[in-house]
Amino acid sequence: MDGTSLTVIDKSTDAFVVALIPHSAAHTVLGQKKVGDIVNLESDLLSKYLGALLEDNGQSISQSFLKQHGY
């Protein structure tokens, strides 16, 4: 997220939780972000977790799904 490596520590059917250590918060832009701020998500790893979230809800990623959601 915003060029900072994070560890996913939990997931649910509609969200995931990441860990940000104090050093990273102090030395990256993530420590300055507020709820609602825009962040850059690198999709290579994120897609793994997105796929798992969708599967938990009986969905899958397809060209049709991506098109419907603006990709």
Asker: Hey, could you give me each pair passing salt bridge (Lys or Arg N to Asp or Glu O under 4.0 Å) that has a residue in residues 2-19? Not counting sequence neighbours.
Answerer: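 Those involving residues 2-19 are Asp2-Lys33, Lys11-Asp56.
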Asker: Enumerate the salt bridge (Lys or Arg N to Asp or Glu O under 4.0 Å) contacts for residues 23-32, please, sequence neighbours excluded, ordered by first and then second residue.
Answerer: none
Asker: Which donor-acceptor pairs under 3.5 Å do the side chains of residues 17-30 make with protein atoms, sequence neighbours left out?
Answerer:
{"unit_1": "Thr28", "atom_1": "OG1", "unit_2": "Ser24", "atom_2": "O", "d": "2.6"}
{"unit_1": "Thr28", "atom_1": "OG1", "unit_2": "Leu30", "atom_2": "N", "d": "3.4"}

